[in-house]
Amino acid sequence: MYEAQRALASPVRTPRMATVIGRLLGAAFLVCFGTGLYSHFLQDPLPWMRFATRPEFLYQFTQGTHIVAGILCFPLLLAKLYVIFPALFAWPPVKSFANVLERASIALFVGASLVQITIGLVNTYQWYPWPFPFRQVHFALGWVLIGLLAIHIGVKLPIIVANWRKKADAASRDDDDVDGGSAGGPGSELAPTAAHSLTPTDHLVDAASPNRAANPEEVRLWGTTRPGGITGRIINYIDSTPALPSRVSRRGFLATIGVSAVAIGGLTAGQTFAPLDAVNVFGPRKKGVGQQGVPVNRTSKQAKVAGLATDSTWVLTVVAAGTELTFTRAELEAMPQTEVTLPIACVEGWSQMAVWRGVRMMDLADAVGATPQTSFRLTSLEERGSFRMTDMGREYVRDPLTLVALELNGETLDLEHGYPARMIAPGRPGVLQTKWLSRIEAMDA
Amino acid sequence: MSVTTPGPAAQPRSTRTTDVPGSTTSRPTTSGRATDAHGPALSAGVGRAIRYGQITLLAVGLALLAWGAYVMFDTVRLPRITGLAIWIVAAIILHDAILAPVLFGAGLLLRRAGQKVPGTVIAVVQGTLVVGSMVSLIVVPILVAQNFTPNNPSILPLNYGLNLGIFWLVLLLLGSGLSVWLYLRARRANERPSSSQD
């Protein structure tokens with residue numbers, strides 16, 4: 001096993017690199033967790049919760065960030081796992097009960113992280129090949145992962161502190177590399193890594209670099225410097241392969257991760273971040289693609305509303321404090337109309353700016369005599385679906401930008417966008433911008 | 001994947017003892033940085049701060065983990081959680097037993113094949129292949145997903161296969177251009193031994 005570690009040793013597999021990549025990945029996890037919680041509580045608020053309605057693009061920003069940061073976790077997590085991979089072959093496999101717990105926690109951390117970012121990504125493709133409910137599992141795993149992250153940082157804290165800054169001796173070693181000629185060819189820099197100051201028992205240390213003299217640990221384990229048989233031959237084969245110069249190896253690694261992150265982020269973020277729209281070649285959505293130039297999440301066919309929505313007897317029912325009023329579409333059109341420019345921003349990370357025209361929600365609430373403290377429950381025509389009924393807090397009801405929209409981008413609202421009438425409010429997830437509105441009812445006082 | 005760091009960091013229990021045996025692995029840097037002025041006092045203070053930090057992080061982490069487990073069992077039915085467990089184990093196997101060894105072997109073969117080539121060129125070739133694989137990892141699931149998505153023209157509306165092909169083409173052009181440039185530069189440098197710097 002020590003041989004396995006040795007074979008895997010590489011100039012990038014150092015505690016310093018684990019710290020450098022680890023803190024980026026940790027930051028990405030925290031960003032995902034924070035924006036994820038925000039999105040969760042917008043959809044399932046605790047009773048006392050009130051939310052900001054400005055800036056109007058707030059949710060577009062937080063959820064777009066959630067998805068971009070999540071995608072960036074792919075290169076970062078794989079890089080982190082690459083750096084620490086030899087630790088898998090730590091020998092002896094376990095040292096103590098605490099050690100067992102720690103290895104188990106890391107196994108769970110790695111597996112759950114891989115699953116979390118994978119289901120998050122594939123969910124944005126609206127493909128659900130897993131045998132569990134996405135939303136609940138993604139939410140619970142978020143807590144689990146942040147807990148495991150805190151435990152992991154706690155356990156590794158001495159290593160992190162020791163490697164937070166670039167070491168003085170590492171810097172001088174780099175200078176030596178420069179003096180020796182960085183492109184000097186293979187084999188020229190096999191020695192420097194062995195000169196590392198940490199002890200060989202620390203697996204993360206590249207003390208186990210190839211082609212170096214026998215060390216006490218090997219002798220202790222095998223009595224010789226090398227196992228025989230096939231294992232020995234494989235090890236010999238690996239050892240006789242030239243290593244890359246350590247500085248080239250380190251910089252190449254960081255550049256590879258950096259370019260991967262820029263490529264993956266840059267070529268997908270255009271689905272929410274307009275300046276990158278031109279290079280959005282891998283995003284699951286494209287700005288401007290969809291009926292009336294706006295992408296659609298749930299279609300009228302999926303919601304099974306086409307019949308009811310196009311029925312000429314459709315009315316919007318508004319209820320508060322014993323008053324119940326119904327409005328036909330013509331009656332809504334006859335009320336004062338307001339035009340707003342608001343993004344529709346989906347939990348899946350895409351967003352689209354659009355011009356909406358319709359009746360202020362505030363005006364409808366006032367029409368049935370609701371107080372400024374009144375929150376409303378919105379009901380869609382659809383028969384089933386997690387968001388058939390949603391709640392709208394008073395901060396949105398009273399916002400002058402919140403509309404019962406009748407028109408989109410200068411045309412009558414398309415059936416796919418919620419004809420005959422839909423809700424549009426600033427800073428809310430698309431699933432709460434209820435389409436095919438049927439009923440708006442005051443919830444309390 | 002199970003990973004551990006031998007030494008003080010791996011064992012929360014040992015970190016609580018006043019003077020950690022074996023902590024020499026992590027100490028040199030801390031004390032090394034502090035030596036210029038008031039070394040021992042500062043590093044003792046740092047050591048205590050680290051221990052308090054560790055205890056706090058472990059406590060907070062365990063609480064969050066417990067809460068996450070509660071939320072999981074509260075909202076997801078048991079057979080579904082078993083499904084999740086299978087996915088987690090599969091993810092570990094996929095990475096540790098397949099992806100990582102393949103990557104290791106590929107790097108090994110590449111370095112062997114390019115024994116006579118400067119290290120910078122090998123690094124660029126490796127990097128090019130990894131960047132391409134990383135982007136493919138994100139995009140290939142789209143190609144599969146396109147067979148399963150609902151009838152909605154605004155979901156996955158692009159020609160992702162074509163885009164991926166163009167991406168690889170551009171990437172390989174850039175990668176080989178950079179490789180050739182580095183190769184020629186290294187050869188020129190070798191011909192003129194006086195300029196060892198660049």
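Below, read A as the first sequence line, B as the second, and so on, with proteins coming before strands; counting in each chain starts at 1.
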Are the side chain of A/T241 and the backbone N or O of B/L108 linked by a donor-acceptor pair below 3.5 Å? no

Selection from A/S249, A/P295, A/G290 maximising heavy-atom pairs under 4.5 Å formed with chain B: A/P295

By a 4.5 Å heavy-atom criterion (distance strictly below it), what part of B/A69 contacts chain A: side chain, backbone, both, or neither? backbone

For A/A140 versus B/V71, what's the shortest heavy-atom pair and its separation? CB-CG1, 3.9 Å

So which of B/L64, B/L57, B/V60, B/L65 actually passes side chain to side chain contact (heavy atoms under 4.5 Å, CB included) with A/I151? B/L65

Residue, of A/F139, A/W143, A/W350, that accumulates the most heavy atom pairs under 4.5 Å with chain B: A/W143

Working for side chain to side chain contact (heavy atoms under 4.5 Å, CB included), residues A/F74 and B/L137: CA-CA 9 Å; A/F74 278 89; B/L137 190 69; 4.2 Å; yes

Decide if atom OH of B/Y183 counts as having more than 12 heavy atoms of other residues, nucleotides or ligands within a radius under 6.0 Å. no

So which part of A/L8 gets closer than 4.5 Å to some heavy atom of chain B, the side chain, the backbone, both or neither? both

Among A/Y125, A/W127, A/Y128, which residue satisfies the side chain to side chain contact (heavy atoms under 4.5 Å, CB included) criterion with B/F148? A/W127

Side-chain contact, heavy-atom cut-off 4.5 Å: B/P153 with A/V289? no

With a 4.5 Å cut-off on side-chain heavy atoms, are B/L84 and A/L141 touching? yes

Drop me the distance from A/Q136's CD to B/I81's CD1, to the nearest 0.5 angstrom. 11.0 Å

Atom group of A/L121 that falls short of 4.5 Å from chain B, counting heavy atoms: side chain

Side-chain donor-acceptor pair under 3.5 Å between A/S240 and B/R112, yes or no? yes

Of the listed residues (B/R77, B/M72, B/R111), which shares the most heavy-atom pairs with chain A below a 4.5 Å separation? B/R111

Any chance you could measure A/T124, atom OG1, to B/I142, atom CD1, to the nearest 0.5 Å? 7.0 Å

I'd like to verify something: which residue of B/L162, B/L171, B/L156, B/T75 has the highest number of heavy-atom pairs under 4.5 Å with chain A? B/L156

Among A/V281, A/T268, A/L149, which has the most heavy-atom pairs under 4.5 Å with chain B? A/V281

Please report the closest heavy-atom contact between A/V155 and B/Q54, naming both atoms and the distance. O-NE2, 3.4 Å

Using a 4.5 angstrom heavy-atom cutoff, name the option from A/K301, A/K286, A/E416 with the most pairs to chain B. A/K286

Quick one: what part of B/L99 sits under 4.5 Å from any heavy atom of chain A, side chain, backbone, both or neither? side chain

Taking all non-hydrogen atoms of both residues into account, name the closest pair between B/P141 and A/V122 and its distance. CB-CG2, 4.5 Å

Side chain, backbone, both or neither: which part of B/V135 has a non-hydrogen atom closer than 4.5 Å to chain A? both

Provide the closest heavy-atom pair for A/P131 versus B/G83 in the form atom of the first, atom of the second, distance. CG-CA, 3.9 Å

Which atoms of A/A112 come close to chain B, meaning under 4.5 Å heavy atom to heavy atom: side chain ones, backbone ones, both, or neither? both

Checking the side chain of B/N163 only, and the main-chain atoms of A/F282 only, is there a donor and an acceptor separated by less than 3.5 Å? no

Could you tell me whether the side chain of B/Q126 reaches within less than 4.5 Å of the side chain of A/T256, counting heavy atoms only? no

Heavy-atom proximity to chain A below 4.5 Å, by part of B/Y70: neither

Between B/I138, B/T149, B/V130, which residue shows the highest count of heavy-atom pairs closer than 4.5 Å to chain A? B/I138

Can you say whether A/I257 sits under 4.5 Å from chain B via the side chain, the backbone, both, or neither, judging by heavy atoms? side chain

Is A/Q302 in contact with chain B via its backbone, its side chain, both, or neither, using a 4.5 Å heavy-atom distance? side chain

Taking all heavy atoms of A/P284 and all of B/P157, pick out the closest pair and write down the distance. O-CD, 3.3 Å

Top of A/P75, A/A263, A/S105 for chain B proximity - count of heavy-atom pairs under 4.5 angstrom: A/P75

Is it the side chain or the backbone of B/L158 that comes within 4.5 Å of chain A heavy atoms, both, or neither? side chain

Taking the side chain as every heavy atom from C-beta outward, state whether A/I238 and B/F104 have any atom pair closer than 4.5 Å. yes

For B/W67, is the CH2 atom crowded, meaning more than 12 foreign heavy atoms sit under 6.0 Å from it? no

Nearest 0.5 Å, what's the CG-CG distance between B/L58 and A/L157? 9.5 Å

Is the shortest side-chain heavy-atom distance between B/L103 and A/Y82 below 4.5 Å? yes

Of all the heavy-atom pairs spanning B/G61 and A/A150, show the shortest one and how long it is. CA-CB, 3.6 Å

Give the ring-plane orientation class for B/H95 versus A/F85, where under 30° counts as parallel, over 60° as perpendicular and anything between as tilted. perpendicular

Quick check on B/L109 against chain A: is it the side chain, the backbone, both or neither that has a heavy atom closer than 4.5 Å? side chain

Would you confirm whether B/Y160, through its side chain, and A/G283, through its main-chain N or O, come within 3.5 Å as a donor-acceptor pair? yes

